[in-house]
Amino acid sequence: MTWGVIVFPGSNCDRDCIHVLRAVAAQDVVEVWHADRQLDGVDALVLPGGFSYGDYLRSGAIAATAAIMPAVRAFAASGGPVLGICNGFQVLTETGILPGTLMRNAGLRFRCMPVFVRVESADTPFTAALPPGAVLRIPIAHGDGRYLADPSTVSSLEADGRVVFRYCDAVGRTTSGSNPNGSMAGIAGIANAAGNVVGLMPHPERAGEALLGSTDGLRLFESAVAWLHARRAVLQGTAR
Amino acid sequence: MTLAAPTDAATRAGLSARDYREVCARLGREPNLIEARMFGVMWSEHCGYKHSKKALRRLPSSSPRVLTGPGENAGVVAIGGGWALAFKMESHNHPSAVDPYNGAATGVGGIIRDVLAMGARPAALLDSLRFGPLDEPRARRLFGGVVAGIAGYGNAIGVPTVGGEVLVESCYRDNPLVNVACLGLVRADRVATSAAAGPGNAVLYAGARTGRDGIGGAAFASAELDEQREAADRASVQMGDPFTGKLLIEATLEALGTGAVLAEIGRAAAGLTCASSEMAARGGAGMHLDLDRVPLREAAMRPDEILLSESQERMLLVVRQADAARVAAIYHRWGLCAEVIGTVTAEPRLVVESRGRAVADLPPEALASAPAYDPEAEIPGEIEARWDLDGAPLPAVDPADALLRLLRHPDIASKRAVYEQYDHMVGLRTVVTPGADAAVLRVLEAPPLGVALAADGNARWCTADPRRGAALAVLEAAANLACAGAEAVAVTDCLNFGNPERPQVFWTFLETLDGIADACRALEVPVVGGNVSFYNEAEGFGGTRAVSPTPVVGMAGVVEDVARTAPPGFVRDGDLVVLVGEVGGTLGASLYARVVTGEVRGRPADPAFESSVRAIVLVRDVVRAGLVTSAHDVSDGGIAVALAEACIHGGRGAWVALPPQAAASLGEALYGEGPGRFVASVAPAQLDAFLALGHAREVPVQVLGTVGGDALRIATHEHSIPEIDMPLDVITAAYHSLEV
Amino acid sequence: MPTFRVTIMLKPGVLDAPGQAVEHGLRALAYEVEHVRMGKVVDLTVPESMRPRVVEMCERFLANPLVETWQIDERETAS
Amino acid sequence: MPTFRVTIMLKPGVLDAPGQAVEHGLRALAYEVEHVRMGKVVDLTVPESMRPRVVEMCERFLANPLVETWQIDERETAS
Ligand SMILES: Nc1ncnc2c1ncn2[C@@H]1O[C@H](COP(=O)(O)OP(=O)(O)O)[C@@H](O)[C@H]1O
Ligand SMILES: [Mg+2]
């Protein structure tokens with residue numbers, strides 16, 4: 001499959017995502033420049049972490065105005081898998097493609113460490129291959145990761161199974177101690193209504209190789225690849 | 001010719017009478033005000049190394065691996081696989097004292113650009129920090145502000161901060177130290193230079209616009225700091241913009257990739273003046289600059305302001321005229337400024353033009369080579385006085401209580417509260433994250449190759465004996481690397497001292513250099529770059545003291561296979577706890593003595609280079625061979641603290657016996673400090689091989705006990721009642737008590 | 001050209017972590033404080049033609065309506 | 001209790017990276033803007049006794065006198 005990784009000015013995990021997709025997941029990858037207007041021939045899209053435009057004003061707010069974003073919106077609307085990681089998640093909320101917003105960590109500090117998240121929904125390309133309830137060990141590295149939305153939004157997210165990842169402890173329990181940033185309901189990642197767009201604060205690309213301590217993050221990308229192959233098979237089937 | 005008396009111009013430019021006469025002598029005329037200002041910053045201690053230049057020659061700076069030694073933006077050393085590392089440490093002490101956040105942040109930005117200027121992709125940062133006692137509000141504010149500044153810049157720019165140090169001593173109360181090292185990776189055949197060459201070539205300005213930032217900051221960094229000056233110097237703080245810094249990295253690496261860049265330099269200190277004169281001097285060429293073409297942030301900047309501005313995130317490049325537009329286009333695409341502001345000339349003159357007339361016309365060499373002094377050196381009386389206290393009896397303290405006090409001491413306590421605020425993983429290179437003896441980065445481009453990094457310095461040892469203290473710091477860095485299975489290949493150092501014009505200070509400086517040199521020779525590792533920071537002493541703030549001699553040693557080593565390193569913590573119950581090296585060490589200038597007497601007394605251990613290096617090499621080899629399951633060097637707090645840390649890191653206890661006859665006292669056996677000692681753990685089946693190897697290498701290796709249980713128990717004999725019997729959770733809590 | 005000062009504050013209900021930190025910081029320095037809220041200001045100088053669109057700039061971009069409120073004040077025009 | 005609004009702006013000469021970024025963002029959304037500066041506001045509610053010390057709070061803690069200027073306005077007291 002061919003993945004597009006968007007490069008915003010100030011993205012700093014773009015090369016990391018490209019490495020994991022290419023060298024570990026054996027995918028084709030194209031860098032998508034923020035100033036481009038088209039997304040040609042990509043099967044899936046990653047909005048990487050970093051500090052786009054320095055995260056000035058609000059994290060992700062200025063990147064949300066980038067020339068490429070209309071194409072991203074269209075790709076998302078067409079059902080293409082989109083993964084927003086950390087700053088990429090913030091960009092997706094700022095564009096309104098995902099609901100809610102990410103506020104300054106409750107502790108006010110930037111936090112870089114491995115955390116555990118529980119897979120709450122298999123209804124996305126990135127979790128379809130993961131057993132619901134699976135506990136993943138994936139690092140976080142953010143200062144603005146406290147998920148916030150109005151209560152009605154959160155309850156509908158919960159009701160519709162759109163909370164995809166929730167912070168938990170090593171055995172999957174959600175405790176106050178397991179929530180690193182004060183996110184509502186311990187939310188670490190969510191999906192859009194169709195499920196094809198997922199945003200999360202943890203960095204799956206940093207958990208892609210045993211040498212770096214965990215391969216749990218790789219499973220998100222592999223899940224999406226399997227999902228894409230399945231979809232392609234179906235489409236070819238219907239085409240025939 | 002005239003031996004002019006220092007004019008008003010000279011004093012306004014911050015030139016001493018002596019230096020002003022030297023300027024006139026070199027020029028054969030008096031400089032105009034702008035020229036005088038240019039000399040003022042270039043001949044400041046910070047840029048000019050007037051007091052240190054000659055002494056620095058004492059450091060060994062060559063090895064078969066060295067591609068670029070001291071003198072360039074950063075040293076470059078081959079690491080195999082066709083790759084090389086660029087390595088450099090800088091101080092940002094005075095700016096951080098005045099404005100902890102912006103001072104530390106711009107320190108990070110500056111050192112990253114030095115490494116970038118070698119053509120290397122910045123891959124890791126280390127930060128060595130020194131503060132006054134952390135129970136004092138001002139020290140707390142400085143600590144918090146500096147850490148926030150390093151995080152604020154380093155995290156955003158996407159270079160992981162993988163290690164460092166935090167040490168606390170009262171001498172840093174008014175003089176906090178902020179030293180930052182950057183490591184970059186570059187293909188051995190793609191190393192860049194800052195030597196301007198090729199008459200007619202274009203001088204390209206790239207990056208952020210020039211504003212009135214830190215005018216005269218380089219000189220400011222060398223001026224003794226007191227309250228009045230702090231007020232007066234406010235204009236001198238610089239503000240960094242990591243966002244632009246990140247764009248500058250990507251654009252510059254892309255530009256270098258085209259092969260069109262002939263030379264480049266990344267400068268903030270002394271700005272355009274320093275960059276242009278150093279590039280020209282290093283290339284034996286000249287430069288013609290037109291200030292009207294410099295992209296400005298503010299209208300109506302004076303020529304000297306443009307020349308001395310320390311605005312951040314700027315580079316100066318030399319490219320062929322034919323390539324200028326193509327290279328500029330790369331920077332523009334990244335949203336940065338790029339303007340041709342001049343040309344390289346054959347004749348060694350730096351001619352600066354503004355509004356159509358030449359405002360300065362100077363020999364670059366004269367600017368770039370400040371006079372080298374031979375300051376007087378005289379041994380400070382108090383040093384011998386301290387030595388006389390060696391072996392003097394210490395107040396009796398309950399050993400278990402002492403262990404807790406040591407584990408809580410900021411010098412030893414876990415720095416997790418600091419490095420959790422740093423993105424230490426971005427780049428996917430960090431195989432061993434902060435908290436271990438050395439950080440290990442993989443060289444993604446040449447697996448399974450890796451690079452290990454450590455930074456070390458010890459105020460107590462250097463206060464009591466700068467020569468030994470500096471040597472011990474180098475040995476400790478090498479020991480840290482050995483625990484990661486790494487062979488040391490490069491040292492960069494930051495030398496933080498008081499006023500070098502005082503003979504007692506300069507004596508400690510020379511001793512320190514000799515200590516570093518001795519140890520580097522013993523380890524056969526070159527010093528490829530570094531920095532000197534003098535005048536770290538302050539009047540006011542209720543203190544008048546200079547900092548203790550504070551060398552900070554940054555060391556990089558090669559890891560042949562990143563999968564073969566050893567963790568510091570015990571990993572398996574039933575493994576045997578092994579001591580490499582002798583029990584004992586000394587309590588002279590030890591942290592134990594500091595904690596129980598409140599002062600630094602006695603003399604630190606003899607470096608014993610031969611045996612220490614043998615032990616270091618043995619540990620490196622057993623780690624590489626996978627013979628040990630964990631390895632941790634014995635440092636501050638001696639064997640007892642090393643054992644406690646191995647238990648805490650591994651989350652399991654141990655029961656050990658320390659043969660007391662080996663030491664003068666129980667306190668010395670437990671808390672004595674000395675080089676070339678390690679606490680390792682080994683699977684019983686591997687023990688004989690380990691012992692045999694130790695015997696063959698003439699390194700003492702002895703079994704102290706066994707890993708297991710939920711407490712650390714240290715007895716004097718195998719069967720006696722433990723002198724120390726501490727539950728794991730108690731020592732763990734003490735160790736994790738440090739807050740930022 | 002007209003200059004507008006846009007003042008952006010968090011909505012009353014929303015946890016203002018930075019504001020709380022400042023509150024603690026001031027108390028640590030032995031100042032008595034009842035309450036602290038933090039916000040942002042954006043000073044905008046725009047061509048006359050943009051005057052009618054400043055509100056839109058706030059809604060669409062400068063503020064996040066989900067958690068922030070804003071206020072626009074015109075400042076005496078710098079000539 | 002009196003409430004003060006402290007408005008903190010970077011000194012004119014100081015690089016305003018956030019302001020530049022916001023300017024860029026507005027242009028990207030096709031708004032014409034001449035100039036943007038960003039700053040902070042701190043709304044302080046303090047006991048009457050602290051009124052004389054608000055200036056001091058700004059100097060010592062709220063602002064960074066090295067790079068910032070501030071302005072204090074009293075707001076109609078919220079009962
Ligand atoms: N303590 C030191 N040990 C070795 N080399 C040093 C030391 N201090 C300075 N140097 C070298 O002297 C040169 C000038 O130092 P410096 O002015 O700090 O460089 P920069 O201008 O990049 O800060 C550099 O190449 C640096 O590596
Ligand atoms: Mg220097």
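Protein chains get the first letters and strands the later ones, always in sequence-line order, with residue 1 at the start of each.
- Heavy-atom distances place both the backbone and the side chain of B/A156 under 4.5 Å from chain A.
- Of the atoms belonging to B/V159, not a single heavy atom falls under 4.5 Å from chain A.
- At a 4.5 Å heavy-atom cutoff, the contact between B/L247 and chain A is made by side-chain atoms alone.
- Most heavy-atom pairs under 4.5 Å with chain A, from the set B/I249, B/L444, B/V432, B/V740: that is B/V740.
- Annotation: maximal heavy-atom pairing with chain A below 4.5 Å, among B/R429, B/R442, B/R416, occurs at B/R442.
- The most heavy-atom pairs under 4.5 Å with chain B, out of A/H142, A/H203, A/R111, come from A/R111.
- No side-chain donor-acceptor contact under 3.5 Å links A/N181 to the backbone of A/A188.
- With a 4.5 Å cut-off on non-hydrogen atoms, A/Y56 touches chain B through its side chain but not through its backbone.
- Contact annotation: the side chain of B/M425 approaches that of A/P114 to within less than 4.5 Å [non-hydrogen atoms, C-beta and beyond].
- Within 6.0 Å of the CD atom in B/E254, the count of heavy atoms belonging to other residues, nucleotides or ligands exceeds 12.
- For a residue to count as touching a neighbouring chain, one of its non-hydrogen atoms must lie under 4.5 Å from one of that chain's; by this rule B/R333 touches chain A with backbone and side chain alike.
- When atom types are taken as modelled, the side chain of B/R113 and the backbone of B/V108 share no donor-acceptor pair closer than 3.5 angstrom.
- For the options B/Q421, B/K246, B/E250, heavy-atom pairs under 4.5 Å to chain A are most numerous at B/Q421.
- Sparse packing is recorded around CD of B/E739, with 12 or fewer heavy atoms of other residues, nucleotides or ligands lying under 6.0 Å away.
- Taking A/M113, A/R206, A/E205 one by one and counting their heavy-atom pairs under 4.5 Å with chain B, the maximum is reached by A/R206.
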(request) Would you check, one step at a time, whether the test ring-ring contact (aromatic ring centres under 6.0 Å, His included) holds for A/Y167 with A/F116? (result) CA-CA 6 Å; A/Y167 297 110; A/F116 295 95; over 10 Å; no

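- Under the 3.5 Å distance criterion, the side-chain polar atoms of A/H34 are left unmatched by any main-chain donor or acceptor of A/I68.
- At a 4.5 Å heavy-atom cutoff, B/T433 makes no contact with chain A through either its backbone or its side chain.
- Formation of a donor-acceptor pair under 3.5 Å by the A/D144 side chain with backbone atoms of A/L102 is not found in this model.
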